[in-house]
Amino acid sequence: MKKERIPSQKEKDYQRRVNEKMPKSKTFLQCVRAFISGGIICCIGQLIHDFAKLVLNFSESNVAAFTAIVLVFLGATLTGIGVYDNIGSWAGAGSVVPITGFANSIVSPAMEFKREGYVLGLGAKMFSIAGPVLVYGISASVLVGLIACLISGKF
């Protein structure tokens, strides 16, 4: 049978000091902020969707494309003028998940590496953040599609 080690007073003092200096967890607050900001972005997307459908009389497929284009444009524009960084620092993951986060992940590296030239800087580095996401997302969708075809017998 193994004896449990009893920490010394020096070790207890050290652990107490570590606990005092350790920053408090802000996970709950960050989750609430992400929920609120992601919800606001999605509500803006719904307003754009409804505007295109009811005012512009677009068809359902055109409404979806219009909404995506406007949200990517807004995300890219807000990144370009420096506002999306402030939104991201407050909102955290809530600003990354919607389609506006994709626009931000494309525009940010492009702005950062523009001074290296349009081909080797902007063109080469533009997808440095979003590129792996696209590769893995497309690869996963192809794999799931193949599995679905094999299971359904339509292959």
Side-chain angles (χ1 to χ4, degrees), residues 15 17-155:
Q15 190 60 46
R17 276 194 250 145
V18 166
N19 290 339
E20 287 173 0
K21 298 288 183 183
M22 190 179 304
K24 304 295 182 225
S25 175
K26 297 179 182 178
T27 303
F28 180 74
L29 178 63
Q30 290 170 338
C31 288
V32 169
R33 285 181 173 182
F35 179 79
I36 290 170
S37 61
I40 289 171
I41 292 171
C42 291
C43 286
I44 292 169
Q46 187 64 46
L47 288 172
I48 294 167
H49 178 275
D50 292 346
F51 176 78
K53 189 172 187 175
L54 300 173
V55 176
L56 301 177
N57 296 321
F58 284 175
S59 67
E60 193 61 43
S61 61
N62 288 340
V63 167
F66 178 79
T67 303
I69 290 167
V70 170
L71 285 173
V72 167
F73 174 77
L74 287 175
T77 303
L78 291 175
T79 299
I81 61 176
V83 174
Y84 206 87
D85 293 336
N86 296 332
I87 294 170
S89 66
W90 184 85
S95 66
V96 175
V97 175
I99 195 168
T100 53
F102 173 75
N104 176 264
S105 70
I106 297 292
V107 174
S108 292
M111 289 174 48
E112 183 177 343
F113 293 104
K114 181 181 174 192
R115 65 181 171 273
E116 294 179 20
Y118 287 110
V119 175
L120 296 176
L122 188 117
K125 305 290 186 177
M126 186 165 53
F127 291 103
S128 63
I129 294 174
V133 174
L134 292 172
V135 168
Y136 288 118
I138 293 169
S139 301
S141 66
V142 168
L143 184 63
V144 168
L146 289 173
I147 292 170
C149 285
L150 288 173
I151 290 173
S152 67
K154 296 182 181 180
F155 191 57

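No experiment lies behind these values; they were computed from the predicted model shown. Numbers here simply count residues along the sequence, with the first being 1.
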Handout entry: Full working for side-chain contact (heavy atoms from CB on, under 4.5 Å) between L56 and N62
Key = CA-CA 10 Å; L56 301 177; N62 288 340; over 6 Å; no
Rounded distance [0.5 Å steps], [atom1] in [X] versus [atom2] in [Y]:
X    : Y    : atom1 : atom2 : result
R33  : K26  : CZ    : NZ    : 8.0 Å
L29  : K24  : CG    : NZ    : 15.5 Å
L74  : I41  : CG    : CD1   : 10.0 Å
I48  : F73  : CD1   : CZ    : 11.0 Å
I87  : I40  : CD1   : CD1   : 9.5 Å
L146 : S141 : CG    : OG    : 9.5 Å

Problem - Where at least one partner belongs to residues 38-62, residue pairs that pass ring pair (Phe, Tyr, Trp, His ring centres under 6.0 Å), sequence neighbours excluded - result: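 Non-adjacent pairs meeting ring pair (Phe, Tyr, Trp, His ring centres under 6.0 Å): F58-F66.
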Handout entry: Pairwise ring pair (Phe, Tyr, Trp, His ring centres under 6.0 Å) hits with a residue in residues 28-48, at least two apart
Key =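 Those involving residues 28-48 do not exist here.
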Problem - Side-chain heavy-atom pair C43, L47 within 4.5 angstrom cut-off - result: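 Counting from C-beta outward, C43 and L47 never come under 4.5 Å.
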Handout entry: D85 side chain near L78 side chain, heavy-atom distance below 4.5 Å
Key =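 They are not in contact (no side-chain heavy atoms under 4.5 Å apart), so the answer is no.
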Handout entry: Donor-acceptor side-chain pairing of S89 and N86 below 3.5 angstrom
Key =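 There is no such pair (donor and acceptor under 3.5 Å, judged by atom type) between the side chains of S89 and N86.
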